[in-house]
2 protein chains.
Amino acid sequence: MKDNNDMPGHLARRFQQIAVAVFLAEVEDAGFDLTPVQYAALATIKANPGLDQVTLAGLIAYDRTTITGVIDRLVQKGLAERRASSRDRRARELDITDEGRRTLRKITPAVESAQRIMLQGLSAKEGAELMRLLRKAIAAGNDLSRAPMRDSPA
Amino acid sequence: MKDNNDMPGHLARRFQQIAVAVFLAEVEDAGFDLTPVQYAALATIKANPGLDQVTLAGLIAYDRTTITGVIDRLVQKGLAERRASSRDRRARELDITDEGRRTLRKITPAVESAQRIMLQGLSAKEGAELMRLLRKAIAAGNDLSRAPMRDSPA
DNA sequence: TACTGATAGTCAGCATACTGAGCAATATCG
DNA sequence: CGATATTGCTCAGTATGCTGACTATCAGTA
């Protein structure tokens with residue numbers, strides 16, 4: 001009789017559930033209101049100024065229909081800008097605002113703290129091994145979800 | 001400059017994303033329409049006949065507000081039954097139907113196949129180690145989410 | 001250049017997850 | 001026994017994620 005705890009899928013769900021809760025708690029303690037998804041998007045926009053939504057989605061493996069709402073909320077909070085591209089009138093170019101840059105800078109300690117807390121039950125070596133195995137499993141399964149990771153076309 | 005791929009939280013999200021996609025694809029190929037969440041709930045109801053919703057939620061670490069909708073859908077599909085408890089008029093007792101039992105039995109190969117596919121990039125030893133590390137990290141962080149795992153009161 | 005196919009983005013709809021609030025019923029304790 | 005606290009469940013609201021469909025635009029080709 002296979003228990004739920006023998007199912008990698010169930011363990012994945014539980015670990016992610018804890019990871020999100022820890023992230024939100026640390027970030028809120030630091031005085032900010034940003035979800036893990038919003039954080040990843042904002043950090044990626046900062047690292048790739050002027051990128052379009054599909055490219056952003058590919059870099060962080062979000063579905064393109066999900067990213068629309070995420071960006072809506074970043075724009076509404078004044079952390080990012082969305083404007084029409086001059087080269088391709090279908091596309092929107094994304095950029096981080098000064099406010100977004102400030103937020104990213106100030107939020108970093110909380111984000112790093114969250115990453116430590118979600119691995120708190122593991123030794124440093126075990127934590128590194130967990131991340132290695134996750135990366136390896138993810139690489140092998142990358143194309144199995146609707147929103148695979150895609151390198152920047154540049 | 002920390003990359004997203006150095007964040008355990010981001011890796012957790014990606015792995016779970018792939019796990020869900022693989023599960024849904026395998027189950028659909030087998031001719032069924034059941035989500036990972038619905039499957040876990042149904043299997044746990046079968047293993048604990050007559051349990052109430054809070055106990056079920058604790059066993060699989062779902063939020064109690066989430067489980068309401070999940071059970072709604074199981075009941076609507078004719079796979080589970082929800083009826084008032086005679087001992088505690090606040091509580092609802094849950095049971096699996098014959099149809100639910102049949103579905104669980106027929107769906108098992110697809111579920112097992114899905115668990116294999118989501119670990120396909122790892123050796124057997126690595127897969128086991130990944131699961132061990134996930135269980136350990138989850139145990140240490142259990143109380144950090146709103147819906148921690150809880151053993152059956154019985 | 002006109003046609004065809006592909007691409008960027010959005011939208012409606014559904015299923016998790018969570019926050020916070022509320023109702024009904026039970027448990028506890030003075 | 002009666003006041004209070006707790007518990008089981010539900011609901012409204014928000015944020016991912018996904019499927020599938022649609023519009024606008026672009027790219028390639030006959």
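A quick note: this is a predicted structure, and the numbers were derived from the prediction, not measured. In the text below, chain A, chain B and the rest are named by the order of the sequence lines, each starting its count at 1.
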Can you check nucleotides 4-7 of chain D for protein contacts, nitrogen or oxygen pairs under 3.5 Å, and list what you find?
residue : atom : partner : partner atom : Å
D/dT7   : O2   : B/Arg90 : NH1          : 2.4

Checklist entry - OP1, OP2 of C/dT16 versus side-chain N and O of A/Gln17: anything below 4.0 Å? => result no
Next on the checklist: Does C/dA8 have OP1 or OP2 under 4.0 Å away from a side-chain N or O of A/Arg64?
Outcome noted: no
Next on the checklist: Under the rule for side chain to side chain donor-acceptor pair (under 3.5 Å), what residues qualify as partners of B/Gln16, not counting sequence neighbours?
Outcome noted: none
Checklist entry - In residues 30-41 of chain B, which ones come under 4.0 Å of DNA chain C, going by heavy atoms? => result B/Thr35, B/Val37, B/Gln38
Next on the checklist: Side chain of B/Thr65, heavy atoms from C-beta onward: which of C/dA21, D/dC11, D/dG20 has the nearest atom to it?
Outcome noted: D/dC11
Item to check | A/Arg146: partners by side chain to side chain donor-acceptor pair (under 3.5 Å), with sequence neighbours left out | outcome: A/Asp63
Checklist entry - Side chains of A/Tyr62 and B/Arg13: does their closest heavy-atom pair fall under 4.5 Å? => result yes
Next on the checklist: Does B/Gln120 have more than 12 heavy atoms from other residues, nucleotides or ligands lying within 6.0 Å of its CD?
Outcome noted: yes
Item to check | No-hydrogen, no-angle side-chain donor-acceptor test under 3.5 Å, A/Gln76 and A/Arg73 | outcome: no
Item to check | Nucleotide D/dC18, atom C1' - distance to CZ of B/Phe23 in whole Å | outcome: 16 Å
Checklist entry - salt bridge (Lys or Arg N to Asp or Glu O under 4.0 Å): which pairs involve residues 74-83 of chain B, sequence neighbours left out? => result B/Asp33-B/Lys77, B/Asp72-B/Arg82, B/Arg83-B/Glu93, B/Arg83-B/Asp95
Checklist outcome for this item: Contacts of B/Tyr62 and A/Val54 projected onto DNA chain C by closest heavy atom; the upstream (5') one is A/Val54
Item to check | Interface with DNA chain C, restricted to residues 67-87 of chain A and to heavy atoms under 4.0 Å | outcome: A/Thr68, A/Arg82
Pairs under 3.5 angstrom, nitrogen or oxygen only, protein versus nucleotides 2-5 of chain C, please.
none

Next on the checklist: Side chain of B/Ala91, heavy atoms from C-beta onward: which of D/dA21, D/dG8, C/dA17 has the nearest atom to it?
Outcome noted: D/dG8
Next on the checklist: Over all strands shown, is B/Arg146 touching base, sugar-phosphate only, or nothing at heavy-atom distances under 4.0 angstrom?
Outcome noted: base
Checklist entry - Just checking A/Ala147: base, sugar-phosphate only, or nothing, at a heavy-atom cut-off of under 4.0 Å? => result sugar-phosphate
Checklist entry - Atom CZ of B/Arg13 to atom P of D/dA15: distance rounded to whole Å? => result 17 Å
Next on the checklist: The side chain of B/Asp52 is closest to which nucleotide in this list: D/dC9, C/dG20, C/dG9?
Outcome noted: D/dC9
Checklist entry - For residues 100-112 of chain A, which residue pairs qualify under side chain to side chain donor-acceptor pair (under 3.5 Å), counting only residues two or more places apart or in two chains? => result A/Glu99-A/Arg102
Checklist entry - In residues 100-111 of chain A, which ones come under 4.0 Å of DNA chain D, going by heavy atoms? => result none
Checklist outcome for this item: By side chain to side chain donor-acceptor pair (under 3.5 Å), B/Thr44 pairs with (sequence neighbours left out) A/Asn4
Checklist entry - What integer distance in Å separates B/Leu51:CG from D/dC9:C1'? => result 14 Å
Item to check | Integer-rounded Å distance: D/dG17 P and B/Gln16 CD | outcome: 9 Å
Item to check | B/Thr55 side chain to B/Asp52 side chain, donor-acceptor N/O pair below 3.5 angstrom | outcome: yes
Checklist entry - Among D/dC26, C/dC18, D/dT10, which is the nearest nucleotide to the side chain of B/Arg92? => result D/dT10
Item to check | For A/Ala139, side chain to side chain contact (heavy atoms under 4.5 Å, CB included) partners two or more places apart | outcome: none
Item to check | Euclidean distance, atom CD1 of residue B/Ile60 to atom P of C/dA17 [Å, nearest integer] | outcome: 10 Å
Checklist entry - Are A/Arg132 and B/Glu126 close enough, and set up right, to give a salt bridge (charged side-chain N to carboxylate O under 4.0 Å, His left out), and what steps lead you there? => result CA-CA 10 Å; A/Arg132 182 185 78 81; B/Glu126 285 176 326; 3.3 Å; yes
Next on the checklist: Tell me every residue that passes side chain to side chain donor-acceptor pair (under 3.5 Å) with B/Gln115, counting only those two or more places apart in sequence or in another chain.
Outcome noted: none
Checklist outcome for this item: Per nearest nucleotide of DNA chain C, the residue lying toward the 5' end, B/Thr66 or A/Glu28, is B/Thr66
Checklist entry - Can you list the steps and then say if A/Arg150 with A/Val54 is a side-chain contact (heavy atoms from CB on, under 4.5 Å)? => result CA-CA 10 Å; A/Arg150 296 282 177 234; A/Val54 167; over 6 Å; no
